[in-house]
S.K.: 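This is the structure I have questions about; it appears just below.
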Amino acid sequence: MTSYNLVILPGDGIGPEVMAEVRKVMAWLSSNKDVSFNVHEDKIGGAAYDEYGVPFADSTLEKCRASHAVIMGSVGGPQWDNVPYDKRPEAGLLRARKELGLFANLRPALVFDALVDASTLKPEIVRGLDILIVRELTGGVYFGEPRGIEDLGHGERRGVNTQVYTTSEIKRVGRVAFELARKRNGRVTSCEKANVMESGKLWREDITALHKAEYGDVTLEHMYADNCAMQLLRNPRQFDVIVTDNLFGDILSDEAAMLTGSLGMLPSASLGSDDTPGLYEPVHGSAPDIAGQNKANPLATILSFSMALRYSLSRGDLADMIEKAVQNVLNAKIRTADIMADGCILASTSAMGDSLIKELDSGLAKAA
Ligand code: IPM
Ligand code: MG
């Protein structure tokens with residue numbers, strides 16, 4: 001029996017209700033498999049601001065550092081629109097990523113067969129889609145200095161942010177992308193704007209050098225980020241792994257997510273060096289419009305927990321089991337509102353979690 005220390009940060013909006021369903025899956029694994037979880041629950045985002053006066057407290061950071069993995073819900077909501085800019089809920093998440101050194105953000109965009117009609121694109125374009133975006137997460141314009149809003153006088157102001165990357169920042173995320181491509185279909189597309197930005201030119205040169213030195217067996221292609229945005233809609237299946245910077249990754253991963261039909265299905269993993277805990281969170285936001293209504297889709301957060309099992313806890317076998325159960329639930333036409341279709345059964349957040357547990361039970365019964 002292996003015991004893992006997990007920090008759970010439900011956060012704001014729908015975060016707490018989707019996390020409650022993850023808890024059911026944890027409890028199921030503890031009762032039925034050779035694992036147990038020692039869970040510390042804490043706050044992030046607006047919830048942390050209300051409790052601690054900051055969106056990510058030092059004490060929470062220490063707990064995260066001492067854990068094997070951190071599972072997060074979502075942050076943000078209109079009730080914090082007027083808090084100081086450096087204390088807004090999103091700043092908590094950015095601080096967590098930075099302090100934990102989580103430089104590589106893995107965002108898979110996978111189209112489940114049962115959901116092929118949920119996409120706004122034609123089924124023949126997205127059927128079988130399986131791409132992985134590797135987004136740089138602790139550098140670029142999100143953190144570059146100088147930054148700020150300057151008063152120039154006479155009612156004129158100047159807003160500044162800095163796009164900056166070093167060779168080591170580029171190569172370490174590039175390495176993650178090449179390694180993952182080796183375990184997938186052996187192709188990496190690296191995206192920047194080398195035609196306009198020096199940081200993009202450096203990105204292209206460093207990725208090229210890394211490829212030449214260590215990853216000759218992987219196919220590398222370079223693409224301008226705007227073209228990538230277009231190609232994702234034109235022919236998304238041409239991609240295997242996409243590696244890109246923090247800001248382009250933010251945008252392209254939302255676009256890739258929508259190819260699959262619902263943000264409610266998409267997990268993500270943020271990874272640092274081997275000895276730091278990963279942070280796992282759904283790609284969707286806090287959805288304040290449906291918060292507290294038991295309507296949200298818990299699968300993205302459950303699949304994020306499954307990524308934690310795979311990447312931080314080395315339990316790919318348990319991750320496979322959860323992912324299979326998710327597929328079976330979808331094949332059984334059980335749907336939350338975001339992925340509802342004709343002839344399907346509408347499920348609440350908690351009913352979706354319960355259906356998944358039933359699937360896990362029946363998988364166990366079959367195996368016995
Ligand atoms: C994301 C989100 C965040 C980001 C926000 C909430 C700060 O959009 O994880 O993609 O921009 O990174
Ligand atoms: Mg985003």
S.K.: Which ILVMFWY residues are connected to Ile251, directly or by a chain of links, through side-chain heavy atoms under 4.5 Å apart?
M.R.: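 Traced through the cluster, Ile251 reaches Leu94, Val141, Tyr142, Phe143, Leu247.
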
S.K.: Please name all residues satisfying side-chain hydrogen bond (donor to acceptor under 3.5 Å, both in side chains) with Asp206, sequence neighbours left out, ordered by chain then number.
M.R.: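 So Asp206 forms a side-chain hydrogen bond (donor to acceptor under 3.5 Å, both in side chains) with Thr167.
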
S.K.: So that I can tick it off, tell me whether Glu198 and Lys201 are bridged by a salt bridge, with the cut-off set at under 4.0 angstrom between side-chain N and carboxylate O.
M.R.: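 So Lys201 does not pair with Glu198 through a salt bridge.
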
S.K.: Using ring-ring contact (aromatic ring centres under 6.0 Å, His included) as the criterion, list what pairs up with His211, not counting sequence neighbours.
M.R.: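 Once residues adjacent in sequence are excluded, the partners of His211 under the ring-ring contact (aromatic ring centres under 6.0 Å, His included) criterion are Phe178.
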
S.K.: So, does Thr60 use its side chain to make a donor-acceptor pair with the main chain of Phe56 at under 3.5 Å?
M.R.: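 Looks like no, no N/O pair under 3.5 Å.
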
S.K.: Assess whether a salt bridge exists between Lys193 and Asp226, defined as any Lys/Arg side-chain N lying under 4.0 Å from an Asp/Glu carboxylate O.
M.R.: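 Judged by the 4.0 Å cut-off on N to carboxylate O distance, Lys193 and Asp226 do form a salt bridge.
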
S.K.: Between Tyr224 and Phe248, is the ring centre distance below 6.0 Å?
M.R.: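 For Tyr224 and Phe248, the ring centres are not under 6.0 Å apart.
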
S.K.: Please determine if Arg187 forms a cation-pi arrangement with Phe239, meaning its NZ or CZ atom is less than 6.0 Å from the six-membered ring centre and no more than 45° off the ring axis.
M.R.: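 Here Arg187 fails the 6.0 Å and 45° test against Phe239.
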
S.K.: Under the salt bridge (charged side-chain N to carboxylate O under 4.0 Å, His left out) rule, what pairs show up with a residue in residues 123-143, not counting sequence neighbours?
M.R.: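 Every pair satisfying salt bridge (charged side-chain N to carboxylate O under 4.0 Å, His left out) with a residue in residues 123-143: Asp130-Arg184, Arg135-Asp250.
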
S.K.: Report yes if some heavy atom in the side chain of Ser190 is under 4.5 Å from a heavy atom in the side chain of Trp203; otherwise report no.
M.R.: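 Contact flag for Ser190/Trp203 side chains = yes.
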
S.K.: Considering only NZ, NE, NH1 and NH2 on the basic side and carboxylate oxygens on the acidic side, decide whether Asp34 and Arg315 come within less than 4.0 Å.
M.R.: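 Looking at Arg315 together with Asp34, the answer is yes, because their closest N to O distance falls below 4.0 Å.
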
S.K.: Listed by chain and number, what are the side-chain contact (heavy atoms from CB on, under 4.5 Å) partners of Glu17, not counting sequence neighbours?
M.R.: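 Expected list: Ile14, Ala291, Thr349.
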
S.K.: Short question: side chain of Asn246, backbone of Leu137 - any donor-acceptor pair under 3.5 Å?
M.R.: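 Answer holds: yes.
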
S.K.: Salt bridge between Asp58 and Arg95, side-chain N to carboxylate O under 4.0 Å?
M.R.: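 Here Asp58 pairs with Arg95 in a salt bridge, since their nearest N and O are under 4.0 Å apart.
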
S.K.: Just to verify, which of Leu110, Leu121, Ile125 counts as forming a side chain to side chain contact (heavy atoms under 4.5 Å, CB included) with Leu259?
M.R.: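 By the side chain to side chain contact (heavy atoms under 4.5 Å, CB included) criterion, Leu259 pairs with just one of Leu110, Leu121, Ile125: Leu121.
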
S.K.: Between Glu323 and Arg310, is there a salt bridge with N-O shorter than 4.0 Å?
M.R.: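 A salt bridge is present here (some side-chain N lies under 4.0 Å from a carboxylate O).
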
S.K.: With Ser3, which residues qualify under side-chain hydrogen bond (donor to acceptor under 3.5 Å, both in side chains), at least two apart?
M.R.: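 Ser36.
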
